[in-house]
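Values in this document were obtained by computation on a predicted structure and should not be read as measured data.
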Amino acid sequence: MKNLLLCFALFLSLHCFSQLTTPPDGGNKKAMVGERIGITDVTINYNRPGVKGREGKVFGKLVEYGFNDLGFGTSKAAPWRAGANENTTIEFSTNVKIEGKELPAGKYGFFIAVGPEESALIFSKNSTSWGSFFYKENEDALRVKVKNVPMPVSTEWLTYEFANQTPNSAVVNLVWEKMKFPFKIEVDLQQIQLESFRNELRTERGFTANAWHQAARYCLDNNINLEEGMIWSEKAISEPFIGEPNFATLSTKAKYLRKFGKETAADSIMKIALPMGSMTQIHNYARGLLQEKRNKEAFEVFKMNNDKNPNTFTTNMGMTRGYAAIGNLKKALEYAEKALPQAPDGGNRVAVEGIIANLKEGKDIN
């Protein structure tokens with residue numbers, strides 16, 4: 001019994017100061033917001049204070065301008081913690097640019113030295129301290145200046161939001177009371193994507209032809225990294241145990257060969273690839289030839305597809321476009337009228353009706 005009491009006393013000594021889960025002090029709200037920019041994940045963790053009737057008394061008063069002695073901790077020149085309670089943190093899964101300046105991948109404490117019109121955003125290597133009470137300037141990873149943006153309507157709860165998104169950028173807005181602090185995040189999407197491919201192709205994900213083909217197509221579609229893309233294309237076809245010579249992989253290699261001016265080799269590969277293609281694959285390949293203004297070749301491919309898959313909506317439309325491309329609008333109209341009752345839905349039917357009208361007026365439909 002004595003040993004049991006000693007164990008119980010030890011348990012109490014270890015746990016009597018542990019705290020149960022409750023809402024944050026002061027009625028502040030915990031929040032997390034994130035977004036993927038390209039393939040880069042951006043995550044912000046913060047606490048949301050409310051204005052709570054302090055309209056006009058937030059910036060310059062509650063949040064003092066510049067760097068200040070907060071009366072606690074080791075910092076005698078602390079910026080605002082860009083939120084409430086614990087550190088506000090922002091994390092990037094890859095390297096980024098903030099307002100045009102480089103910042104490596106990682107997790108950062110986020111602070112703001114607020115000014116009346118312009119503020120300094122601070123990304124600190126220390127993301128674990130409480131608030132900015134222990135802020136050290138020598139831990140800064142990056143500082144950038146931004147213009148404050150006055151807002152016509154007050155925002156009660158401090159909010160981080162993503163706006164003005166593009167494939168390789170977004171603007172993060174910190175909005176509170178009648179003020180907004182915006183900063184732009186940019187990524188080198190193509191370079192990051194290529195590095196991701198290189199890493200993933202060395203893992204189990206690289207044990208399929210489709211993975212190598214996907215990487216090769218990305219380079220081809222974006223007209224970048226073509227020499228390495230060509231190697232990836234060849235691996236998709238002939239890499240031991242995983243290579244698959246099919247319409248997709250072979251036609252991609254043919255496009256690479258054309259990029260390098262090897263037309264005869266490309267034609268030879270396509271003679272092998274075309275019989276392997278599905279009706280849709282062949283149709284789309286011919287449409288691509290039309291975009292390249294290789295009209296006669298496109299017609300021959302449309303015709304081959306029609307011979308293989310006669311009297312379908314897809315092949316009749318292919319013959320419509322093929323005949324129009326070589327200037328035979330009469331035959332094109334015949335196939336368009338055959339395709340009309342085969343239209344799979346209302347949208348396609350309207351499109352075919354438009355093509356018929358244009359052909360009757362002698363207009364180009366390609």
Side-chain angles (χ1 to χ4, degrees), residues 32-45 89-98 101-110 123 125 127-128 141-142 162 165-170 172 184-260 262 265-266 269-270 272-273 276-278 280-281 284-285 288:
M32 179 182 72
V33 64
E35 187 156 301
R36 179 165 287 187
I37 304 173
I39 60 171
T40 299
D41 290 325
V42 180
T43 307
I44 303 171
N45 283 277
T89 64
I90 183 166
E91 187 170 5
F92 309 99
S93 64
T94 72
N95 297 345
V96 298
K97 284 184 178 180
I98 306 293
K101 295 185 178 181
E102 302 280 353
L103 185 65
K107 187 175 184 178
Y108 298 92
F110 182 59
F123 298 81
K125 297 172 187 175
S127 64
T128 58
L142 177 67
F162 288 81
Q165 291 90 340
T166 74
N168 69 327
S169 71
V172 173
K184 187 176 184 179
I185 302 172
E186 296 174 277
V187 299
D188 187 344
L189 177 55
Q190 291 184 343
Q191 189 58 43
I192 291 170
Q193 182 66 81
L194 291 174
E195 287 300 324
S196 178
F197 285 151
R198 292 178 186 124
N199 290 331
E200 289 186 301
L201 289 172
R202 297 173 63 182
T203 71
E204 72 280 358
R205 295 187 180 186
F207 293 169
T208 67
N210 184 62
W212 294 93
H213 180 246
Q214 182 182 359
R217 284 294 315 189
Y218 180 86
C219 296
L220 189 64
D221 293 342
N222 290 279
N223 199 33
I224 58 170
N225 195 45
L226 295 179
E227 291 186 2
E228 188 173 22
M230 177 69 166
I231 293 171
W232 292 342
S233 174
E234 290 171 346
K235 286 183 177 291
I237 295 168
S238 57
E239 183 72 2
F241 307 112
I242 65 169
E244 294 181 13
N246 55 39
F247 179 86
T249 57
L250 290 170
S251 61
T252 293
K253 182 176 180 180
K255 289 185 177 182
Y256 270 102
L257 290 169
R258 294 192 196 283
K259 284 280 187 182
F260 292 113
K262 300 179 180 180
I269 286 182
M270 286 311 302
I272 299 170
M276 298 181 181
S278 69
T280 301
Q281 285 176 322
N284 289 337
Y285 176 73

Return the minimal non-hydrogen interatomic distance between [X] and [Y], and the atom names on each side.
X      : Y      : answer
Leu194 : Cys219 : CD2-SG, 3.7 Å
Ala273 : Ser251 : CB-N, 4.4 Å
Pro167 : Leu189 : O-CD2, 3.6 Å

Decide yes or no for [X] and [Y]: does some side-chain heavy atom of the first lie under 4.5 Å from some side-chain heavy atom of the second?
X      : Y      : result
Ile98  : Lys184 : no
Leu226 : Tyr256 : yes
Leu201 : Trp232 : yes
Trp212 : Ile242 : yes
Asp188 : Asn168 : no
Gln190 : Asn222 : yes
Leu220 : Lys259 : yes

Salt bridge (Lys or Arg N to Asp or Glu O under 4.0 Å) against [X], all qualifying residues, sequence neighbours excluded:
X      : result
Arg258 : Glu263, Asp267
Arg205 : Glu200
Lys255 : none
Glu91  : none

Practice task
Kindly indicate, with the supporting measurements, whether the criterion side-chain contact (heavy atoms from CB on, under 4.5 Å) is fulfilled by Met230 and Lys253.
Solution key: CA-CA 7 Å; Met230 177 69 166; Lys253 182 176 180 180; 4.1 Å; yes
Exercise for the section: Could you grab the distance from atom OH of Tyr108 to atom CD1 of Ile44, nearest 0.5 Å is fine? Expected result: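 Going from OH on Tyr108 over to CD1 on Ile44, the span is 14.0 Å.
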Exercise for the section: Check Thr249, Thr252, Thr208 against His213 for a side-chain hydrogen bond (donor to acceptor under 3.5 Å, both in side chains) and give me the one that passes. Expected result: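 When side-chain hydrogen bond (donor to acceptor under 3.5 Å, both in side chains) is applied between His213 and each of Thr249, Thr252, Thr208, only Thr252 qualifies.
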Handout entry: Donor-acceptor contact present, side-chain Ser238 to main-chain Glu234, <3.5 Å
Key =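 Judged by distance alone, yes, a pair lies under 3.5 Å.
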Practice task
Would you confirm whether Ser169, through its side chain, and Glu186, through its main-chain N or O, come within 3.5 Å as a donor-acceptor pair?
Solution key: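 Side chain of Ser169 to backbone of Glu186: no pair is present.
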Practice task
Just say parallel, tilted or perpendicular for the rings of Tyr218 and Phe197, cut-offs at 30° and 60°.
Solution key: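 Geometry flag for Phe197 against Tyr218: perpendicular rings.
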Exercise for the section: Starting from the C-alpha separation in whole Å, work towards a yes-or-no answer on side-chain contact (heavy atoms from CB on, under 4.5 Å) for Ile185 and Lys97. Expected result: CA-CA 6 Å; Ile185 302 172; Lys97 284 184 178 180; over 6 Å; no
Practice task
Could you pull out all residues at least two apart from Phe110 that satisfy ring-ring contact (aromatic ring centres under 6.0 Å, His included)?
Solution key: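 For Phe110 the ring-ring contact (aromatic ring centres under 6.0 Å, His included) partners, ignoring immediate neighbours, are Phe123, Phe183.
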Problem - With Val96, the side chain to side chain contact (heavy atoms under 4.5 Å, CB included) member among Leu142, Leu103, Ile90 - result: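 Option passing the side chain to side chain contact (heavy atoms under 4.5 Å, CB included) with Val96: Leu103.
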Problem - Pairs satisfying salt bridge (charged side-chain N to carboxylate O under 4.0 Å, His left out), at least one member in residues 212-232, at least two apart - result: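 Listed by first then second residue: Arg198-Glu228, Arg217-Asp221.
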